Visitor: 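Have a look at this one before I ask anything.
Proteins come first, then strands; the chains are lettered A, B, ... in the order of their sequence lines, and each starts at number 1. Hydrogens, waters and symmetry mates are skipped; everything else that's a heavy atom, side chains included, is used. Everything quoted here is computed from the prediction, not taken from an experiment.
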There are 2 protein chains.
Amino acid sequence: MRLSTKGRYGVKAMVDLALHSGDEQPVPIKDIADRQEISEHYLEQLIAGLRKAGLVKSVRGAQGGYMLAQAPDAIVVGDLLRTLEGTIAPADCVAEDKPVNCERADNCVTRILWEKIHDSINSVVNSITLQDMVNEYKRLNGQESM
Amino acid sequence: MRLSTKGRYGVKAMVDLALHSGDEQPVPIKDIADRQEISEHYLEQLIAGLRKAGLVKSVRGAQGGYMLAQAPDAIVVGDLLRTLEGTIAPADCVAEDKPVNCERADNCVTRILWEKIHDSINSVVNSITLQDMVNEYKRLNGQESM
DNA sequence: CCAAATCCGACTAAATTACTTGGGATTTAC
DNA sequence: GTAAATCCCAAGTAATTTAGTCGGATTTGG
């Protein structure tokens with residue numbers, strides 16, 4: 001049930017972006033990679049996915065970088081994780097987009113269990129916004145930089 | 001967040017065992033493997049872990065097999081998954097046994113998120129027993145065999 | 001003794017993960 | 001108009017994990 005670095009790094013990067021989105025300046029990927037200690041090129045790939053999903057905007061060229069595509073309180077962590085990880089389902093048969101169904105789908109006991117786990121995860125990640133995480137961060141860290 | 005076959009097969013096998021535990025006869029692994037369509041040798045490894053964790057008992061020799069070590073309503077799915085998967089935490093820093101802590105543990109925002117996800121998963125899997133799954137199964141399938 | 005079983009440890013193929021490498025396209029500052 | 005900054009894109013790759021296989025030793029009921 002472990003998230004891959006895609007999910008973990010990607011969410012971190014987005015919180016970083018949210019924290020530095022006060023100014024209207026786009027944030028270059030290098031800054032995020034340095035602050036979060038993530039390989040720059042690898043992070044680039046993750047953000048590419050988020051951009052294609054419409055969650056971040058990019059500005060090319062010098063002084064360019066990335067910005068959130070929507071306000072931090074309009075982006076839920078669930079959307080990030082689903083984009084980054086492909087799916088957050090514990091089993092393929094309960095995946096949100098492409099539910100691979102086994103033959104015995106109708107009378108599979110464990111499937112109900114996977115559904116309950118999936119629902120439970122979704123209820124958490126769909127209720128937490130980037131703004132919530134920023135607030136939490138500021139509460140914990142006061143004036144310190146990330 | 002996908003469970004591996006260890007977790008999925010293991011839980012299936014335990015539900016199977018619970019379903020066939022009415023008789024006091026131990027159930028040979030071959031029967032479970034056939035019914036659940038799992039490689040016999042592979043399942044053997046999974047059950048070995050469950051046995052070491054005290055969740056199943058074995059009877060060696062001819063007419064031997066496996067039995068639940070406790071009543072089905074005393075075994076929660078969470079114990080199975082933790083044994084089978086090692087941990088069900090979404091990130092190592094919130095793992096139940098060996099919480100690998102990063103330096104910035106104290107002021108890590110995402111950690112709080114992983115904790116919430118972890119708690120949410122645990123609340124589900126720790127509240128569902130094998131008996132619950134057997135009941136659900138019987139409700140769905142009536143007289144049919146598994 | 002023999003067949004049915006568990007037990008045990010090593011080996012392996014395939015897939016996935018977590019990157020790296022190398023370059024190209026676009027924009028801005030000077 | 002050139003250099004620097006930056007995003008964009010596609011391949012390649014090393015390490016790890018997954019999902020098994022294989023071969024045999026041990027135990028036990030009949």
Visitor: Between A:Lys116 and A:Asp119, is there a salt bridge with N-O shorter than 4.0 Å?
Guide: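 Salt bridge absent between A:Asp119 and A:Lys116.
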Visitor: Taking atom P of C:dA18 as reference, at what distance in whole Å does atom CG of A:Leu43 sit?
Guide: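 In whole Å, C:dA18 P and A:Leu43 CG are 14 Å from each other.
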Visitor: OP1 or OP2 of D:dC8 versus the side-chain N and O atoms of A:Ser58: is any pair under 4.0 Å?
Guide: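 The answer is yes; a side-chain N or O of A:Ser58 sits under 4.0 Å from OP1 or OP2.
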Visitor: Measuring to OP1 and OP2 of C:dA18, would you say a side-chain N or O of A:Ser39 lies under 4.0 angstrom away?
Guide: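 No.
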Visitor: Classify the nucleic acid contact of A:Arg2 as base, sugar-phosphate or nothing, counting any heavy atom under 4.0 Å across all strands shown.
Guide: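 Touches nothing.
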Visitor: With nearest nucleotides of DNA chain C determined for A:His41 and B:Glu44 from heavy-atom distances, which residue corresponds to the more 5′ nucleotide?
Guide: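 Residue closer to the 5' terminus by nearest nucleotide: B:Glu44.
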Visitor: Is the closest side-chain heavy-atom distance between A:Ser4 and A:Glu85 below 4.5 Å?
Guide: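 Yes, at least one pair of side-chain atoms sits under 4.5 Å.
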Visitor: I'd like to know if B:Gln45 reaches the base of D:dT21 with its side chain such that a donor and an acceptor end up less than 3.5 angstrom apart.
Guide: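 Counting by modelled atom types and ignoring angles, a donor-acceptor contact under 3.5 Å is found here.
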Visitor: Are B:Val124 and B:Leu80 joined in one hydrophobic group, where the rule is that I, L, V, M, F, W and Y side chains link up if heavy atoms are under 4.5 Å apart?
Guide: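 Yes.
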Visitor: Find the distance B:Leu84:CG to D:dA19:C1' and express it as a whole number of Å.
Guide: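 Whole-Å distance recorded here is 14 Å.
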Visitor: Base, sugar-phosphate, or nothing for B:Ile47, non-hydrogen atoms under 4.0 angstrom?
Guide: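 Counting heavy atoms under 4.0 Å across all strands, no contact is made by B:Ile47.
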Visitor: What I want to check is whether the side chains of B:His118 and B:Glu96 have a donor and an acceptor closer together than 3.5 Å.
Guide: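 B:Glu96 and B:His118 do have a side-chain donor-acceptor pair below 3.5 Å.
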Visitor: Could you tell me how far apart B:Ile38 (CD1) and D:dT21 (P) are, to the nearest whole angstrom?
Guide: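 Whole-Å distance recorded here is 12 Å.
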Visitor: Mind calculating the distance between OH (A:Tyr42) and C1' (C:dT21) to the nearest angstrom?
Guide: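 Atom-to-atom, A:Tyr42 to C:dT21, this comes out as 16 Å.
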Visitor: Of the nucleotides D:dC7, D:dA5, C:dA4, which has the atom closest to the A:Ala62 side chain?
Guide: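 The answer is D:dA5, which lies nearest to the side chain.
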Visitor: Round to the nearest Å and state the distance from B:Leu50 atom CG to C:dC7 atom C1'.
Guide: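 For the pair B:Leu50 CG and C:dC7 C1', the rounded distance is 15 Å.
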Visitor: What's the NZ-P distance between A:Lys57 and D:dT6, to the nearest Å?
Guide: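 Going from NZ in A:Lys57 over to P in D:dT6 covers 18 Å.
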Visitor: Is the closest basic N to carboxylate O distance between A:Asp16 and A:Lys12 below 4.0 Å?
Guide: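 Salt bridge flag = no for A:Lys12 with A:Asp16.
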Visitor: State whether B:Tyr9 places a side-chain N or O below 4.0 Å from either non-bridging phosphate oxygen (OP1 or OP2) of D:dG20.
Guide: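 Answer is yes, contact under 4.0 Å.
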Visitor: Using the closest heavy atom to pick a nucleotide of DNA chain D for each, name whichever of A:Lys52 or A:Gly61 lands nearer the 5' end.
Guide: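 Closest to the 5' end, via its nearest nucleotide, is A:Gly61.
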Visitor: Select from B:Thr5 and A:Gly64 the residue whose nearest nucleotide in DNA chain D is closer to the 5' end of that strand.
Guide: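 Here A:Gly64 is the residue nearer the 5' end.
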Visitor: Under 3.5 Å, is there any donor-acceptor pair linking the side chain of A:Arg60 to the base of C:dT26?
Guide: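 No.
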Visitor: Report the distance from atom CE of B:Met1 to atom P of C:dT17, rounded to the nearest whole Å.
Guide: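 So the CE-P distance, B:Met1 to C:dT17, works out to 13 Å.
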Visitor: Take the protein atom CG of A:Asp31 and the nucleotide atom P of D:dA5, then report the distance between them rounded to whole Å.
Guide: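 These atoms are roughly 13 Å apart.
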